[in-house]
Amino acid sequence: MLLWLALACGPDIRAMYEDQRVAALTVATEKPSTWEPDLVLQIAGPDFSQAVGDAIRVALTRDVPVLKIPLALGMEAKLEPSIGVEEAALHPSDSCASCLAFDAVLTGRAKWTLGPASGTIPLDVGAKGVFSLEIVDGHIIEAMPRAVSQVRVRITDLAGLSVNPSREIQEWLTGQLSSRVPHIKVVELDTSTLPLRDLRLRSSPGVVRVEALTNVPGSLPVGALPVPEHGVELAISETALIGLVRRAAFEKGELTMDVYADPLALEVNGGEFALDLRLWRLVGRGWWRDYRVYGRLAVEDRQVKLVPSRTEPLGASPGAGLVDPLAALFEGKILETITSSVAQSLPATQRQDLGMVRLRADTSAVTGAADALVVDGTLTVKRPAGDDR
């Protein structure tokens, strides 16, 4: 009789589960006037400079028109400039908060013909201008050419041409750079996997920084991060990541035999992780049991992986049974949710874009630092479709 009373007066597990489900599925919708990011994407300056250099190169080498210079007596000199980008350096610009100024060193030559005569002129060129980082459709980051402020052309050898075409070549180059430099797609965030409340851009010496605020209520910001020397670095706070994973687990619902998974907390430190996992059983009045899952962070096939190795039982409700927590993790695809959230935050080529230079990241390392999951990647610059040079 006393045992029956104790069980009858025990906690209402179903009501507890429902409260947790409502909390996990709650979405933050407000956009605070001031906020700190719980997701940060950093692109190293040298790699972004390469993308800018490729964009300039495309403008000056892809289907470029012949330059014609009218001369006396109805004659006309024809020039075919061939320009290469030797260096493109970036630095912050005062033009706007997310602007980057570029200084490009260009080298090349111009083949000329004048009647039966012909020759080749060596060119020494410098160009300055500004790219602005823009948010398109609320989730796509692009770098767009904003202005060409200066083009300088120096010719030291006319190679037999009777006129100096420096001014004409300078005007031609200014026109090409002003109208033909393609946009650079930096990243396209999949908001179905990584829902955002707000997004902003920052540029500073040596880095392009994308800052985001997810719609996970109460998520904590990413801590201070060093500027990467090369490649790309993504950091998402532990609280934001577990909030997304927990939401996905409750959206999935039942795993098997009335068992439901509830990832409660994630801690990543160096190359290891610890995940607190609650398993609910909603039969009769139900029960719950808590576990801590330990494992290592890894990169396999250029994807982030959380590889569990052991479990440790924690608390439990009265009369709780046993369930294999590792089987529940895989059944609920909880660890895959983490992989998906990370993958959809990195720059990637999702489709061929004519006239656009794109960035693609391949994951190279993953660690835990600054209360965040930090993913390092190498960047590849993808030129517009059809441009194989």
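Just so you know, these numbers use all the heavy atoms, side chains as well, and skip hydrogens, waters and symmetry mates.
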Can you check whether [X] reaches [Y] side chain to side chain, under 4.5 Å on heavy atoms?
{"X": "P325", "Y": "R289", "value": "no"}
{"X": "W172", "Y": "I69", "value": "no"}
{"X": "V232", "Y": "V187", "value": "no"}
{"X": "R302", "Y": "S364", "value": "no"}
{"X": "R292", "Y": "L277", "value": "no"}
{"X": "H139", "Y": "L199", "value": "no"}
{"X": "N269", "Y": "E272", "value": "no"}
{"X": "V307", "Y": "E300", "value": "yes"}

When clusters are formed by joining ILVMFWY residues with side-chain heavy atoms under 4.5 Å apart, either directly or through shared neighbours, do [X] and [Y] land in the same one?
{"X": "V299", "Y": "L335", "result": "yes"}
{"X": "W35", "Y": "V216", "result": "no"}
{"X": "L326", "Y": "V245", "result": "yes"}
{"X": "L39", "Y": "L213", "result": "no"}
{"X": "L201", "Y": "V130", "result": "no"}

Is the side chain of [X] donor-acceptor paired with the backbone N or O of [Y] at a distance under 3.5 Å, no angle test?
{"X": "R14", "Y": "G284", "result": "yes"}
{"X": "D47", "Y": "G231", "result": "yes"}
{"X": "N164", "Y": "S166", "result": "yes"}
{"X": "S219", "Y": "N215", "result": "no"}
{"X": "S340", "Y": "E336", "result": "no"}
{"X": "T239", "Y": "L220", "result": "yes"}
{"X": "Q42", "Y": "P226", "result": "yes"}
{"X": "R197", "Y": "T29", "result": "no"}
{"X": "S317", "Y": "W288", "result": "yes"}

**Request:** Check step by step if side-chain contact (heavy atoms from CB on, under 4.5 Å) holds for F48 and V186.
**Result:** CA-CA 9 Å; F48 198 76; V186 179; 3.7 Å; yes
With a 6.0 Å cut-off (strictly less than), is the heavy-atom count around [atom1] of [X], excluding the residue itself, greater than 12?
{"X": "R180", "atom1": "CZ", "answer": "yes"}
{"X": "H230", "atom1": "NE2", "answer": "no"}
{"X": "E229", "atom1": "CD", "answer": "no"}

Considering all heavy atoms of both residues, which atom of [X] and which atom of [Y] are nearest to each other, and what is their separation?
{"X": "L255", "Y": "A328", "value": "CD1-O, 3.5 Å"}
{"X": "P195", "Y": "L244", "value": "CD-CD2, 3.9 Å"}
{"X": "V374", "Y": "A235", "value": "CG2-CB, 4.1 Å"}
{"X": "S49", "Y": "A88", "value": "CB-O, 3.1 Å"}
{"X": "V222", "Y": "D38", "value": "CG2-O, 3.4 Å"}
{"X": "A55", "Y": "P182", "value": "O-CD, 3.2 Å"}

Measure the spacing between [atom1] of [X] and [atom2] of [Y] and express it to the nearest 0.5 Å.
{"X": "L133", "Y": "R209", "atom1": "CG", "atom2": "CZ", "result": "13.5 Å"}
{"X": "Y294", "Y": "S309", "atom1": "OH", "atom2": "OG", "result": "10.0 Å"}
{"X": "I56", "Y": "F131", "atom1": "CD1", "atom2": "CZ", "result": "5.5 Å"}
{"X": "L79", "Y": "K111", "atom1": "CG", "atom2": "NZ", "result": "12.0 Å"}
{"X": "E87", "Y": "T107", "atom1": "CD", "atom2": "OG1", "result": "11.0 Å"}
{"X": "H183", "Y": "S132", "atom1": "NE2", "atom2": "OG", "result": "8.5 Å"}

**Asked** Yes or no on side-chain contact (heavy atoms from CB on, under 4.5 Å) for M356 and I184, after CA distance, side-chain angles and deciding distance?
**Response** CA-CA 6 Å; M356 181 173 286; I184 300 171; over 6 Å; no
**Item:** Intermediate values then yes/no, side-chain contact (heavy atoms from CB on, under 4.5 Å), L297 and L306
**Value:** CA-CA 5 Å; L297 304 172; L306 276 70; 3.9 Å; yes
**Asked** Taking NZ, NE, NH1 and NH2 as the nitrogens, is one of them in E171 or R167 under 4.0 Å from a carboxylate oxygen of the other?
**Response** yes
**Prompt:** Do the charged groups of E211 and R200 touch, with an N to O distance under 4.0 Å?
**Reply:** yes
**Message:** What verdict does the side-chain contact (heavy atoms from CB on, under 4.5 Å) test give for D190 and L194, after you've listed the backbone C-alpha separation in whole Å, the side-chain angles of each residue and the deciding distance to 0.1 Å?
**Reply:** CA-CA 6 Å; D190 185 345; L194 191 72; 5.9 Å; no
**Asked** Taking the six-membered ring for Trp, are F250 and Y17 ring centroids under 6.0 Å apart?
**Response** yes
**Request:** Would you mind telling me which of L241, L329, I242 makes a side chain to side chain contact (heavy atoms under 4.5 Å, CB included) with P263?
**Result:** I242
**Request:** Run through R278, R246, R21 and flag the one making a salt bridge (charged side-chain N to carboxylate O under 4.0 Å, His left out) with D262.
**Result:** R246
